[in-house]
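Data block below; observations after.
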Amino acid sequence: MSSTALVTVATVTAPDQAGRARPSFLAGPYQPARIRELFDELASTYNCAAWLSGGLLGWWRRQLAAALPHPAQGPAVVVDLMAGGANLWPALRRRFGPELRVAAVDFSGAMLVRAARHAGGPALTLHRADALATPLPTACATAVTCAFGLKTLPVAAYPALLTEAARLLRPGGELALTELVLPADGWQRSFLLRYLAVILPLLGRLWPAAAAHIALLRYARSGPNLPALTAALQTAGFERVRQRRLWPGCAVLVSARKKPESARKADYPAL
């Protein structure tokens with residue numbers, strides 16, 4: 001990381017190093033060490049993802065940011081889970097302005113080094129931690145986001161992720177998630193499957209360093225389980241659950257509000 005970067009990096013003890021057993025569902029292709037190694041490898045060529053999507057990833061991130069309401073009081077405070085290279089930061093900054101505070105959480109050190117290139121000053125802090133059990137204070141955020149992270153979680157992990165999101169949110173705070181999803185049928189599904197079948201092997205031959213993107217997109221083929229996600233949101237204490245397909249139909253935006261409390265706290269912890 002450059003010594004001139006104006007970004008605070010907070011390295012914390014990973015939950016598996018703190019004596020807590022990993023949930024049994026985080027195994028096989030979803031084993032944290034395997035996912036972390038994949039994203040460490042992806043970090044140096046992550047801009048390739050924007051090229052593969054034809055610029056749609058940036059547009060979808062802007063749609064996510066636009067779906068978040070401005071807080072009724074005070075500045076926006078966002079916790080971005082599975083933040084990767086903090087690619088959501090520019091869209092959030094445009095949405096909420098210079099008073100915005102963002103805590104970007106990811107367990108890949110290489111991705112956080114990439115995230116540190118966003119010279120956001122004290123407005124952007126980076127936290128090396130597990131998104132299912134962060135070290136951040138309870139009720140510290142007006143919004144929690146997760147852009148394209150669900151693909152690397154099994155359905156059984158949805159409750160843990162959403163319980164953590166609910167813990168981080170203040171009453172009435174908003175959660176927004178977006179993820180790739182293939183259309184169920186029709187010409188769009190056929191076109192996308194054919195595109196992936198052609199472009200991924202070609203990418204591996206032309207740019208061997210970017211071959212890890214092939215593995216990442218394999219996680220995206222099944223897409224999020226939206227009924228299971230909705231059920232987990234409701235169980236975690238969210239209401240006003242909304243789903244919207246993002247043009248051209250191969251991404252979904254899911255948002256929900258944490259239920260307000262009858263008596264709101266006057267003060268909340270700072271990030």
Side-chain angles (χ1 to χ4, degrees), residues 1-2 4-10 42-43 46-106 108 111-127 131 134 136 140-151 165 168-170 172-181 240 242-258 268 270-271:
M1 185 190 311
S2 169
T4 60
L6 300 177
V7 181
T8 301
V9 180
L42 284 165
Y46 201 69
N47 282 342
C48 178
W51 175 77
L52 285 171
S53 74
L56 285 172
L57 284 176
W59 188 77
W60 290 332
R61 288 188 178 100
R62 291 191 292 274
Q63 294 298 300
L64 185 155
L68 295 173
H70 285 265
Q73 296 179 344
V77 182
V78 180
V79 174
D80 188 19
L81 298 175
M82 292 184 275
N87 298 84
L88 192 57
W89 161 255
L92 291 172
R93 182 67 175 235
R94 283 193 294 269
R95 172 64 172 158
F96 293 109
E99 293 188 349
L100 168 71
R101 296 292 179 267
V102 174
V105 177
D106 202 279
S108 167
M111 291 300 286
L112 288 178
V113 169
R114 183 178 183 86
R117 299 173 186 177
H118 294 284
L124 174 63
T125 58
L126 309 179
H127 303 265
T134 77
L136 299 175
C140 65
T142 62
V144 169
T145 58
C146 181
F148 310 109
L150 284 176
K151 70 173 70 65
L168 294 168
L169 279 170
R170 298 171 187 172
E174 193 82 6
L175 171 71
L177 314 167
T178 190
E179 187 53 89
L180 301 174
V181 57
R240 299 185 182 178
R242 304 173 295 281
Q243 295 179 13
R244 177 162 59 94
R245 283 293 183 112
L246 300 178
W247 188 89
C250 46
V252 64
L253 174 63
V254 179
S255 57
R257 187 181 75 164
K258 180 179 177 179
Y268 292 104
L271 287 175

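Atom set for the values below is all heavy atoms of this structure, side chains included, hydrogens, waters and symmetry mates excluded. Please read these numbers as outputs of a predicted model, since none were measured by experiment.
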What's the spacing between [X] [atom1] and [Y] [atom2] if we round to 0.5 Å?
X: H118; Y: L88; atom1: NE2; atom2: CG; value: 9.5 Å
X: L81; Y: L168; atom1: CG; atom2: CG; value: 6.5 Å
X: L169; Y: T142; atom1: CG; atom2: OG1; value: 8.0 Å
X: Y46; Y: L57; atom1: OH; atom2: CG; value: 7.0 Å
X: R95; Y: H70; atom1: CZ; atom2: NE2; value: 4.0 Å

With L64, the side chain to side chain contact (heavy atoms under 4.5 Å, CB included) member among L246, L177, T178: T178

Are side-chain heavy atoms of [X] and [Y] found at a separation under 4.5 Å?
X: W60; Y: L180; answer: yes
X: V144; Y: K258; answer: no
X: F96; Y: L68; answer: yes
X: R94; Y: R62; answer: yes

Identify the heavy atoms of [X] and [Y] that sit nearest to each other, and give their distance.
X: A65; Y: A91; answer: CB-O, 3.7 Å
X: L175; Y: A165; answer: CD1-CB, 4.0 Å
X: A115; Y: L124; answer: O-CD2, 4.3 Å
X: A147; Y: D80; answer: N-OD1, 4.5 Å

Donor-acceptor pairs under 3.5 Å, side chain of residues 247-257 to any protein atom, not counting sequence neighbours: which ones?
residue, atom, partner, partner atom, Å
S255, OG, R242, NE, 3.2
S255, OG, R242, NH2, 3.1
R257, NE, E239, OE2, 3.0
R257, NH2, E239, OE2, 2.3

Indicate yes or no for a side-chain donor-acceptor contact from D106 to the backbone of G84 under 3.5 Å, with no hydrogens or angles considered.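 It does hold such a pair.
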
Judged by atom type as modelled, is there a donor-acceptor pair below 3.5 Å linking the side chain of E179 to the main-chain atoms of L150?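 Between the backbone of L150 and the side chain of E179 there is a qualifying donor-acceptor contact (under 3.5 Å).
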
What verdict does the side-chain contact (heavy atoms from CB on, under 4.5 Å) test give for L136 and H127, after you've listed the backbone C-alpha separation in whole Å, the side-chain angles of each residue and the deciding distance to 0.1 Å? CA-CA 9 Å; L136 299 175; H127 303 265; 3.7 Å; yes

